[in-house]
Amino acid sequence: MTDGEREQPRPAGPADGTDTAAVAGRLKERIYATITMIAVVIGLSLSDAGPRGAIATVVTTALALWLAALVADQQAHRTVHRRYATGGELRRMLYVSSPLLSCAVGPAVTIALAALDVMSLDTALLTAAGVGIASLFVWGCVGGLRMGGGTVPALIAGLVDAAIGLAVALVKAAAGH
């Protein structure tokens, strides 16, 4: 590069043709589902639900979130494009919304451990909430680092995201349900 040339900024996202909007949408759904699941497991920890009821609640919550997202996506698509999403559009909707189902895996595993008497159900549910909050911290840090701000701003972003998850848990606990 000569003195008169300027380095052109790199385009946002990978250069491998990845649909960055789909990846961002998928991550958004994962974060939304994580925050929702934190509230669910905290609510369960304050209830009289046993392991069977707790796992049923976690799984049905994830399924309901996923179905609601698909219905909303299809309605929005139908309204804007005047037709149902099919083929690649439908596959993209399924790809983007799938983290709404996977958010149940962590809590389901800890609840299963409680059912096997490895830990108490309260410990399992609080562990699931803690893992959710920790994952929000990690996503905040990753986002901060990818923005190029350095370690300190990334840690601050992670702490802010974790604080949001913690606030959700505290509000749910304070509400007592």
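Given the structure is predicted, the values throughout are model-derived calculations rather than measurements.
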- Message: Could you go through Tyr84 and Leu90, starting from their C-alpha distance and side-chain angles, then the distance that decides it, and tell me whether this counts as side chain to side chain contact (heavy atoms under 4.5 Å, CB included)?
- Response: CA-CA 9 Å; Tyr84 286 101; Leu90 186 57; over 6 Å; no
- Message: One pair to check against side chain to side chain contact (heavy atoms under 4.5 Å, CB included): Val58 and Leu44. What are the steps and the verdict?
- Response: CA-CA 9 Å; Val58 164; Leu44 285 168; 3.9 Å; yes
- Steps toward side chain to side chain contact (heavy atoms under 4.5 Å, CB included) verdict (Thr36, Cys103): CA-CA 9 Å; Thr36 301; Cys103 74; over 6 Å; no
- Message: Assess the residue pair Leu70 and Leu94 against the criterion (side chain to side chain contact (heavy atoms under 4.5 Å, CB included)); give the C-alpha distance rounded to whole Å, side-chain angles, the decisive distance to 0.1 Å, and a yes or no.
- Response: CA-CA 7 Å; Leu70 283 180; Leu94 293 168; 3.9 Å; yes
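Scanning all heavy atoms of the two residues, the minimum distance from Tyr95 to Val23 falls at OH-CG2, 4.0 Å. Gly165 and Ile38 make their closest contact through O-CG2, 3.8 Å (heavy atoms, listed as atom of the first residue, atom of the second, distance). In terms of heavy atoms, Ala115 sits closest to Pro51 at CB-CB, 3.9 Å. The shortest non-hydrogen separation linking Ala129 to Ile42 is CB-CD1, 3.7 Å. Asp122 approaches Ser45 most closely through the heavy-atom pair OD1-O, 3.4 Å. The minimum heavy-atom distance linking Val41 with Pro107 is given by the pair CG1-CB, 3.9 Å.
In this structure, the side chain of Gln74 engages the main chain of Ala85 through a donor-acceptor pair within 3.5 Å. When atom types are taken as modelled, the side chain of Thr123 and the backbone of Met119 share no donor-acceptor pair closer than 3.5 angstrom.
Atom CD1 of Ile31 sits about 9.5 Å away from atom CD1 of Ile164, to the nearest 0.5 Å. The distance from the CG atom of Asp73 to the CD atom of Glu89 is 11.5 Å, given to the nearest 0.5 Å. Taken from CG in Leu136 to CG in Leu159, the straight-line distance is 12.0 Å, to the nearest 0.5 Å. One finds the CG atom of Leu126 at 9.5 Å from the CD1 atom of Ile133 (value rounded to the nearest 0.5 Å). Note: Arg52 CZ to Leu121 CG = 13.0 Å, rounded to the nearest 0.5 Å. In this structure, CD1 in Ile156 is found 12.0 Å from CG in Asp161, a value given to the nearest 0.5 Å.
Note: the hydrophobic cluster containing Val131 does not contain Met37 (ILVMFWY, side chain heavy atoms under 4.5 Å, direct or indirect links). Residues Phe137 and Leu145 fall into different hydrophobic clusters, defined by Ile, Leu, Val, Met, Phe, Trp and Tyr side chains chained together at heavy-atom separations under 4.5 Å. In the hydrophobic cluster analysis, where Ile, Leu, Val, Met, Phe, Trp and Tyr join through side-chain heavy atoms closer than 4.5 angstrom, Leu65 is grouped apart from Val96. Both Trp139 and Ile35 belong to a single network of hydrophobic side chains, linked directly or stepwise wherever heavy atoms of I, L, V, M, F, W or Y lie under 4.5 Å apart. Note: the hydrophobic cluster containing Val71 does not contain Leu63 (ILVMFWY, side chain heavy atoms under 4.5 Å, direct or indirect links).
More than 12 non-hydrogen atoms from other residues, nucleotides or ligands lie less than 6.0 angstrom from CZ of Arg83.
Thr57 places a side-chain heavy atom less than 4.5 Å from the side chain of Val40.
Defined by atom type and a distance below 3.5 Å, a donor-acceptor pair is present between the side-chain atoms of Arg30 and Ser102.
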